[in-house]
**Student:** 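First the structure, then my questions, so here it is.
Any value given below was found using the heavy atoms of this structure, including those in side chains, with hydrogens, waters and symmetry copies removed.
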Amino acid sequence: MMRRALCLAVSALTISEALADHAPRRYQLDLNVEPAHRWDAIALAEKDLFKAGLATIYNDEKLKNIAPILKKVVGNKFEARRVFPKDVFEEFEGIARVTEVEFEEVAILGMFYDLFAAKKKSPVAFDACSGIIAQTASGEIIHGRNLDYSFTSTLQSLAIVVDFVRNNDTKFTAVTFGPNPTFNTGVRYGMFSVTQDERDRGNMYRNWFDIAVLGRPALFASIRQTMESEEVDDFDKAIDFFSKVPIAAASYLIVAGVKPGEGAVVTRSRTELVDVWRLNATAGRWFLVETNYDHFEKPRTGDDRRDPEIRAMEAIGQQKIDADGIWSVLSIDHVNRTAGEREPMNTMTIYTTVMQASKPSTFRTLVRGADKEEQENTVVLV
């Protein structure tokens with residue numbers, strides 16, 4: 001009877017969390033521990049949710065016929081050693097061991113973006129996410145993002161924050177999904193922060209070729225690399241790194257530093273740098289808004305999240321902008337749909353993060369509640 005009551009209580013808590021914004025679970029990871037065991041405690045704590053979440057994703061109608069092929073072609077250990085840095089590969093091995101999930105399934109999670117971010121043939125390509133960088137009147141740099149994606153409720157249940165610690169000092173903080181050593185939201189304190197937005201280009205099978213044949217590294221693993229690299233230890237070096245690193249899928253890298261002017265959107269194709277769009281407060285460009293379109297092109301009708309965010313930033317103004325202001329912009333849930341706009345916070349939004357590389361206390365992440373609703377007459381994107 002007590003066991004049943006406990007289960008009901010846990011279920012009620014889970015349901016109530018799903019219906020409101022809530023902080024994700026937060027962990028510390030000790031980088032002094034050998035890679036194969038760094039994630040042991042987190043993997044054990046997250047084991048049941050992680051296994052259930054991966055089962056939901058890989059058994060989804062859109063993926064269940066593709067997943068077995070990917071396991072054999074790119075999820076095997078030979079390919080994974082090429083795609084991930086040595087430490088990250090060993091971390092994946094340890095996670096698979098503790099969670100009792102096939103290594104191939106864990107590895108594919110780490111290269112999920114690279115496999116499916118494409119304009120053609122992808123079953124889960126999705127124009128999503130918002131990134132904002134702003135420079136305050138006093139010169140502080142603030143960085144915010146919404147992460148939107150398919151499998152929304154599943155990924156909401158898996159979202160965690162991890163503080164990566166060495167010698168009792170937090171070196172960087174990341175938002176990831178379950179025990180996963182790769183990510184696309186991270187802040188390296190005293191240096192820079194990075195978020196990434198999807199840029200769909202080309203054919204999904206070209207992505208697979210670039211991974212399996214050319215051995216191009218997984219993008220989220222490359223972001224993790226910048227968090228630890230001794231060579232990438234400031235904003236300018238991060239911009240240079242993301243401008244040149246080999247990638248298998250086009251992308252937007254939004255990078256914010258710690259000094260005035262240190263904010264940029266790096267637009268990449270899989271083979272080359274397309275553009276670096278920078279803050280320039282003296283020219284009036286004190287903030288940048290990036291969704292899923294090149295900044296010099298118009299968003300698609302029905303998916304214009306950019307203009308509502310720009311209007312809101314301009315309404316706040318540089319003199320008053322702060323972390324709470326950026327949070328409010330990312331939380332906009334009513335827009336002019338008849339003008340082709342779409343809510344920045346919508347039914348696909350998994351979490352919102354606002355952070356500053358110069359100020360660890362600013363870091364805030366919330367899983368966005370399932371009670372959010374897009375306005376009626378939502379335009380279906382095709």
**Student:** Counting only N and O atoms by type, is there a donor-acceptor contact under 3.5 Å from the side chain of R199 to the main-chain atoms of R268?
**Tutor:** yes
**Student:** Give a yes-or-no answer on whether the side chains of T195 and D197 include a donor-acceptor pair shorter than 3.5 Å.
**Tutor:** no
**Student:** I'd like to know if the side chain of E46 and the backbone of I42 have a donor-acceptor N/O pair within less than 3.5 Å.
**Tutor:** no
**Student:** Can you check whether Y351 reaches L155 side chain to side chain, under 4.5 Å on heavy atoms?
**Tutor:** no
**Student:** Do the charged groups of R224 and E228 touch, with an N to O distance under 4.0 Å?
**Tutor:** yes
**Student:** Can you name the residues that form a salt bridge (charged side-chain N to carboxylate O under 4.0 Å, His left out) with R285, not counting sequence neighbours?
**Tutor:** none
**Student:** Working note: F151 + Y58, criterion ring-ring contact (aromatic ring centres under 6.0 Å, His included); need CA distance, chi angles, decisive distance, verdict.
**Tutor:** CA-CA 11 Å; F151 313 111; Y58 291 131; 8.9 Å; no
**Student:** Rounded to the nearest 0.5 Å, what separation is found between the OG1 atom of T170 and the CG atom of D163?
**Tutor:** 5.0 Å
**Student:** With ring-ring contact (aromatic ring centres under 6.0 Å, His included) as the rule and sequence neighbours excluded, what pairs involving residues 297-330 come up?
**Tutor:** none
**Student:** Identify which one of T185, I142, T173 satisfies the side-chain contact (heavy atoms from CB on, under 4.5 Å) criterion when paired with M355.
**Tutor:** T185
**Student:** Keeping D304 on the side-chain end and P299 on the backbone end, is there a donor-acceptor pair under 3.5 Å?
**Tutor:** no
**Student:** If we ignore hydrogens and angles and just use 3.5 Å, is the side chain of E290 paired with the main-chain N or O of Q196 as donor and acceptor?
**Tutor:** no
**Student:** Is the closest side-chain heavy-atom distance between F84 and E91 below 4.5 Å?
**Tutor:** no
**Student:** Can you confirm whether S243 sits close enough to V276 that some side-chain heavy atom of one is under 4.5 Å from a side-chain heavy atom of the other?
**Tutor:** yes
**Student:** Which donor-acceptor pairs under 3.5 Å do the side chains of residues 69-79 make with protein atoms, sequence neighbours left out?
**Tutor:**
{"unit_1": "K71", "atom_1": "NZ", "unit_2": "E105", "atom_2": "OE2", "d": "3.0"}
{"unit_1": "N76", "atom_1": "OD1", "unit_2": "F78", "atom_2": "N", "d": "3.1"}
{"unit_1": "N76", "atom_1": "OD1", "unit_2": "E79", "atom_2": "N", "d": "2.9"}
{"unit_1": "N76", "atom_1": "ND2", "unit_2": "K72", "atom_2": "O", "d": "2.9"}
{"unit_1": "N76", "atom_1": "ND2", "unit_2": "V73", "atom_2": "O", "d": "3.3"}
{"unit_1": "K77", "atom_1": "NZ", "unit_2": "E93", "atom_2": "OE2", "d": "3.1"}
{"unit_1": "E79", "atom_1": "OE1", "unit_2": "R82", "atom_2": "NH1", "d": "3.0"}
{"unit_1": "E79", "atom_1": "OE2", "unit_2": "R82", "atom_2": "NH1", "d": "3.4"}

**Student:** When you measure from the side chain of E90 to the backbone of A36, do you find a donor-acceptor pair of N or O atoms at a distance under 3.5 Å?
**Tutor:** no
**Student:** Passes side-chain contact (heavy atoms from CB on, under 4.5 Å), V98 versus W39? Steps please.
**Tutor:** CA-CA 9 Å; V98 174; W39 290 84; over 6 Å; no
**Student:** Would you check if F192 and I239 make a side-chain contact, meaning some heavy-atom pair closer than 4.5 Å?
**Tutor:** no
**Student:** Quick check: does any side chain N or O of N146 sit under 3.5 Å from a backbone N or O of L330, one acting as donor and the other as acceptor?
**Tutor:** yes
**Student:** So with a 6.0 Å cut-off around CG of N32, is the heavy-atom count from everything else above 12?
**Tutor:** yes
**Student:** Can you sort out the partners of W277 under ring-ring contact (aromatic ring centres under 6.0 Å, His included), two or more places apart, ordered by chain and number?
**Tutor:** H295
**Student:** Is there a donor-acceptor pair under 3.5 Å between the side chain of Q356 and the backbone N or O of I141?
**Tutor:** yes
**Student:** A quick test of your reading: do over 12 heavy atoms of other residues, nucleotides or ligands sit less than 6.0 Å from CD of E61?
**Tutor:** no
**Student:** Under the side-chain hydrogen bond (donor to acceptor under 3.5 Å, both in side chains) definition, can you give me all pairs with a residue in residues 310-323, not counting sequence neighbours?
**Tutor:** R311-E341
**Student:** Is the shortest heavy-atom distance from the side chain of S222 to the side chain of I247 under 4.5 Å?
**Tutor:** no
**Student:** Could you grab the distance from atom CZ of R25 to atom OG of S157, nearest 0.5 Å is fine?
**Tutor:** 7.0 Å
**Student:** From L214 CG over to I211 CD1, what is the distance, rounded to the nearest 0.5 angstrom?
**Tutor:** 10.0 Å
**Student:** Would you say K259 has more than 12 foreign heavy atoms packed within less than 6.0 Å of its NZ?
**Tutor:** no
**Student:** Walk me through whether N280 and T282 qualify under side chain to side chain donor-acceptor pair (under 3.5 Å).
**Tutor:** CA-CA 6 Å; N280 186 348; T282 58; 2.8 Å; yes
**Student:** Are Y189 and F164 close enough that their ring centers fall under 6.0 Å?
**Tutor:** no
**Student:** From H143 NE2 over to S358 OG, what is the distance, rounded to the nearest 0.5 angstrom?
**Tutor:** 13.0 Å
**Student:** Got a sec, which residues hit salt bridge (charged side-chain N to carboxylate O under 4.0 Å, His left out) with R216, two or more places apart in sequence or on another chain?
**Tutor:** D210
**Student:** When you check the side-chain N and O atoms of T226 and R188, is any donor under 3.5 Å from an acceptor?
**Tutor:** no
**Student:** Between V354 and T362, is there a side-chain heavy-atom distance shorter than 4.5 Å?
**Tutor:** yes
**Student:** Closer than 4.0 angstrom, basic N to acidic O: yes or no for D294 and R201?
**Tutor:** yes
**Student:** What are the two closest heavy atoms between S269 and V274, and how far apart are they?
**Tutor:** N-CG2, 3.6 Å
**Student:** Closer than 3.5 angstrom, by distance alone: can the side chain of R145 be matched with the main-chain N or O of N184 as a donor-acceptor pair?
**Tutor:** yes
**Student:** Which residues pass the salt bridge (charged side-chain N to carboxylate O under 4.0 Å, His left out) test with D233, sequence neighbours left out?
**Tutor:** K237
**Student:** Go through the steps to decide whether Y293 and D303 satisfy the test side-chain contact (heavy atoms from CB on, under 4.5 Å), and finish with yes or no.
**Tutor:** CA-CA 10 Å; Y293 303 92; D303 190 37; 2.6 Å; yes
**Student:** Are L147 and M227 in one and the same hydrophobic cluster, where Ile, Leu, Val, Met, Phe, Trp and Tyr link if side-chain heavy atoms are under 4.5 Å apart?
**Tutor:** yes
**Student:** Please tell me if the side chains of I350 and Y149 come closer than 4.5 Å, counting only heavy atoms from C-beta onward.
**Tutor:** yes
**Student:** Between D114 and N207 (side chain of the first, backbone of the second, donor and acceptor by atom type, cut-off under 3.5 Å), is there such a pair?
**Tutor:** no
**Student:** So, R300 and N292: side-chain donor and acceptor under 3.5 Å apart, yes or no?
**Tutor:** no
**Student:** Hey, could you give me each pair passing ring-ring contact (aromatic ring centres under 6.0 Å, His included) that has a residue in residues 213-243? Not counting sequence neighbours.
**Tutor:** Y113-F220
**Student:** Does T182 offer a backbone N or O that forms a donor-acceptor pair with the side chain of T176 under 3.5 Å?
**Tutor:** yes
**Student:** Under the salt bridge (charged side-chain N to carboxylate O under 4.0 Å, His left out) rule, collect the residues that match up with D234, sequence neighbours excluded.
**Tutor:** none
**Student:** Tell me, with the steps shown, if R364 and T352 meet side chain to side chain donor-acceptor pair (under 3.5 Å).
**Tutor:** CA-CA 8 Å; R364 179 190 184 195; T352 300; over 6 Å; no
**Student:** Find out whether V335 and R305 are in side-chain contact, i.e. whether some heavy atom of one side chain is under 4.5 Å from a heavy atom of the other.
**Tutor:** no
**Student:** With sequence neighbours left out, what residues match Y252 under ring-ring contact (aromatic ring centres under 6.0 Å, His included)?
**Tutor:** none
**Student:** Who passes ring-ring contact (aromatic ring centres under 6.0 Å, His included) against F112, sequence neighbours left out?
**Tutor:** F116
**Student:** For W208, what residues pass the ring-ring contact (aromatic ring centres under 6.0 Å, His included) criterion, not counting sequence neighbours?
**Tutor:** Y205
